[in-house]
Amino acid sequence: MAHLPQSLYSAARPEFPYPGKSSQPKWSRFPGIVRCASTESLTSLTQNAAELELKYMVSQHGWGVRRLRRDDEEEIRRVSLVQAEAFHIPLALFNDFFFLFFQAEVLSGLLYKLKNSPPDRYACLVAEKAGEADTSSSSSVVGVVDITVQTENSVLRHFPGEEEYLYVSGLAVSKAQRRKKMASTLLKACDVICYLWGFKLLALRAYEDDAAARNLYSNAGYSVVESDPPWTSTWIGRKRRVLMTKRIS
């Protein structure tokens, strides 16, 4: 079980500003050094990642992807911010107020997974411009994806003989860095994790009407194996999703 800095848990409950207080939280910084590893193929990618965990698992299109530094408080908060900004639905009233709650919820979930998940059952991967890890700044993190071992029957029923698979979720890229192939690089890193951990199957879900996301996943080798039933679209606030999977040979 991983041991995380205690101060992060109080940070997961946001302290809202009162008169005289700054509205911007101040985070402490724990620097680390990560060196860039450039690679050519999936085999060499996995070999480099296995030899030295601090190296990039993937270095493509100018982006480097590595595992989140579990002992870096500022980087953990930065990851929660990137995901919160990507998935928060703006509200007409009190949007900033509700965004703080949403970010705290994202941070709390991330902390729980980091603390309770074995390192070969869950990974949070982060992306930054290749080489920027040497600056030891969490602000360089501009993309993130989660990958988790799961055993959901609704997925495994499509693949007789398989007992577990890797589920890809939480793929988020900072707004200013979108359409620069960062998401594709993050998905490639998921392939590397799948290979390293000895799995053969990756799965994810996307909204049926999100053509951009589905095209991204299709280009990464995923294919649709199942859609939500038609009647689910009649639920208030519920959008139909598709299940997409990919096999790693």
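Atom set for the values below is all heavy atoms of this structure, side chains included, hydrogens, waters and symmetry mates excluded. Only a predicted model underlies this, so the values are computations on that prediction, with no experimental measurement involved. Start at 1 with the first residue, then count along the sequence.
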In chain order, what residues pass the salt bridge (Lys or Arg N to Asp or Glu O under 4.0 Å) check against [X], with sequence neighbours excluded?
X	value
Asp146	Lys113
Asp209	Lys239
Arg121	Glu164
Arg214	none

*Do the charged groups of Glu73 and Arg77 touch, with an N to O distance under 4.0 Å?*
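Yes, charged N to carboxylate O under 4.0 Å.
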_Looking at Glu85 and Arg178, is there a salt bridge between them, counting it only when a charged N and a carboxylate O are closer than 4.0 Å?_
no
*Ser117 and Arg70: which non-hydrogen atoms are nearest, and at how many Å?*
O-NH2, 3.8 Å
Drop me the distance from [X]'s [atom1] to [Y]'s [atom2], to the nearest 0.5 angstrom.
X	Y	atom1	atom2	result
Thr148	Ile193	OG1	CD1	11.0 Å
Leu201	Ile248	CG	CD1	9.0 Å
Leu202	Tyr222	CG	OH	4.0 Å
Asn219	Lys181	CG	NZ	8.0 Å
Trp197	Tyr122	CH2	OH	9.5 Å
Leu125	Thr185	CG	OG1	12.0 Å

*Arg205 side chain to Ser169 main-chain N or O, any donor-acceptor pair under 3.5 Å?*
no
*Give a yes or no on whether the backbone of Ala220 and the side-chain of Lys246 come within a donor-acceptor separation of less than 3.5 Å.*
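Yes.
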*Could you please spell out the steps behind the salt bridge (Lys or Arg N to Asp or Glu O under 4.0 Å) verdict for Glu128 and Arg78?*
CA-CA 12 Å; Glu128 61 198 354; Arg78 172 63 184 172; over 6 Å; no
*Those residues that, when tested against Arg157, pass side chain to side chain contact (heavy atoms under 4.5 Å, CB included) (two or more places apart)*: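 Listed in chain order: Glu226.
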*asked:* Angle between ring planes, Phe98 versus Phe101, binned at 30° and 60°: parallel, tilted or perpendicular?
replied: tilted
*Any side-chain heavy-atom pair from Ser184 and Leu216 closer than 4.5 angstrom?*
yes
I'd like a table of donor-acceptor pairs (distance under 3.5 Å, sequence neighbours excluded) in which one partner is a side-chain atom from residues 170-177, with atom names and distances.
{"from": "Ser174", "atom 1": "OG", "to": "Val142", "atom 2": "O", "distance (Å)": "3.3"}
{"from": "Gln177", "atom 1": "OE1", "to": "Lys180", "atom 2": "NZ", "distance (Å)": "3.3"}

